[in-house]
Amino acid sequence: ATNDKIVYVQQHRSWWSRLWGVVKFLIWLLITYIVIQQLFAPSAVVNARRVVLDRFQQERNTRVIALIHRQDSVSVLGVPVASHIDLDDSEAILRAIRLTPDEQPIDVILHTPGGLVLAAEQIARALVGRKGKVTVFVPHYAMSGGTLIALAADEIVMDPNAVLGPVDPQIGGMAAASILKAIEQKKPEHVSDEFLVLGDMAAKARRQVTAFVTDVLLKHRPREEATKIATALSEGQWTHDFPITIDLAKGFGLPVSTEMPRLVYELMDLYPQGGAGRPSVLYVPIRRDGANVRPGAPSPSGTEPLPAPRSN
């Protein structure tokens, strides 16, 4: 009986040992898959983006530069990181502009929440100095510094629902205009020295941005009109996220059209929102003849392209 019990215990341990070996193998297999995906998937997406950019460039015979800021899933854990216009962007774009013949047109595909004023001003100044036509395409939004870049274009092509935004400077996460208004209402003697310093910086920043936007707009309009538009966009009459629609942009006299090429949307499909959660937006493509496309089926000729996943 004792021997039978020993045999039973050994067999039981052997079974658990084999099961644990299988589990360890599956864990390592999963880790290997994640690492390989993180190493090779980004390069495949980048290559796909380059293909679309090259097609667009060949069709329009221009230099095409994409400045697109989305949340991207990075690292093995897939942590989404939001991006904005920074000095690395301005350095790369200035290099692309420098390598482009001065008479060759430049197309900029712009999708950004904004970013550093210095970086946006560098890009805008470089575009203003071009002899060839500069066209900015805004498929969804170009806020703050993105609008600053768009103002440097000879033509702004927007999706009918796309928006631009005010370019009023922000100091310490607060609107410069709001800082100055707070000091005016409370009177300087009733605010702290630190807040007075912020007020001085806010006044300088607002003057600087207004002057720069005026200089950018002088390429296509007289000084009086350029100053009026620059003041409206930078004085802080709206919140910083106020949407400047096509109608409002046209009201300012900006050279706006809605003839957005299809390839711009194809490029945006290659910049899905980061995150691995459940899609927050989902739809089924529709044939042009009115019939629905079965979910998961290939997109046949004559239908909308299958939607890219959008996650929170």
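We use all heavy atoms of the structure for the numbers below, so side chains are in, but hydrogens, waters and symmetry mates are not.
- Residues L116 and E121 have side chains not in contact (no heavy-atom distance under 4.5 Å, counting atoms from C-beta outward).
- For the pair F25/L30, no side-chain contact is recorded, criterion being any heavy-atom separation below 4.5 Å from C-beta on.
- Salt bridge status for R55 with E266: present, with a side-chain N to carboxylate O gap under 4.0 Å.
- Proximity of V191 to L196: side-chain heavy atoms (C-beta onward) are separated by under 4.5 Å at one or more points.
- Under a cut-off of 6.0 angstrom, the local environment of CZ in R223 is sparse, with at most 12 non-hydrogen atoms contributed by other residues, nucleotides or ligands.
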### Message
Between F56 and F137, does the ring pair (Phe, Tyr, Trp, His ring centres under 6.0 Å) criterion hold? Intermediate values first, please.
### Response
CA-CA 12 Å; F56 193 47; F137 296 90; 5.5 Å; yes
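- One finds a salt bridge joining D154 and K219 here, because a Lys/Arg side-chain nitrogen approaches an Asp/Glu carboxylate oxygen to under 4.0 Å.
- The shortest non-hydrogen separation linking A150 to L164 is CB-CD2, 4.4 Å.
- Classification of the H140-H111 ring pair by plane angle, with boundaries at 30° and 60°, yields parallel.
- Side-chain contact between F212 and L148 is present, with heavy atoms from C-beta onward closer than 4.5 Å.
- Between G145 and A120, the shortest heavy-atom contact is O-CB, 3.7 Å.
- Atom CG of D102 has more than 12 heavy atoms from other residues, nucleotides or ligands within 6.0 Å.
- With respect to K204 and D200, a salt bridge is recorded, a charged nitrogen being found less than 4.0 Å from a carboxylate O.
- Here the side chains of L267 and V52 are in contact, with some heavy-atom distance below 4.5 Å.
- You'll find the side chain of D215 stays beyond 4.5 Å of the side chain of L217, heavy atoms only.
- Other residues, nucleotides and ligands contribute at most 12 non-hydrogen atoms within 6.0 Å of the CD atom of E259.
- By the 6.0 Å contact criterion, CZ on R125 is open, its count of non-hydrogen atoms from other residues, nucleotides or ligands being 12 or less.
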### Query
Under the side chain to side chain contact (heavy atoms under 4.5 Å, CB included) criterion, do Q57 and L53 qualify, and how do the steps go?
CA-CA 6 Å; Q57 196 161 262; L53 283 177; over 6 Å; no
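- The residues E235 and R206 are annotated as not salt-bridged, no charged nitrogen and carboxylate oxygen being separated by less than 4.0 angstrom.
- In this structure, the side chains of L110 and T112 come closer than 4.5 Å at one or more pairs of heavy atoms.
- The minimum heavy-atom distance between A175 and D168, with the atom names listed, is CB-OD2, 4.0 Å.
- Under the 4.5 Å side-chain criterion, counting only non-hydrogen atoms from C-beta, T258 is not in contact with D159.
- Under the side-chain contact (heavy atoms from CB on, under 4.5 Å) test applied with T62, the options Q58, R60, E59 reduce to a single match, R60.
- Under 4.0 Å is where a charged nitrogen must lie from a carboxylate oxygen, and between R63 and D107 no such pair does.
- More than 12 non-hydrogen atoms from other residues, nucleotides or ligands lie less than 6.0 angstrom from CE of M260.
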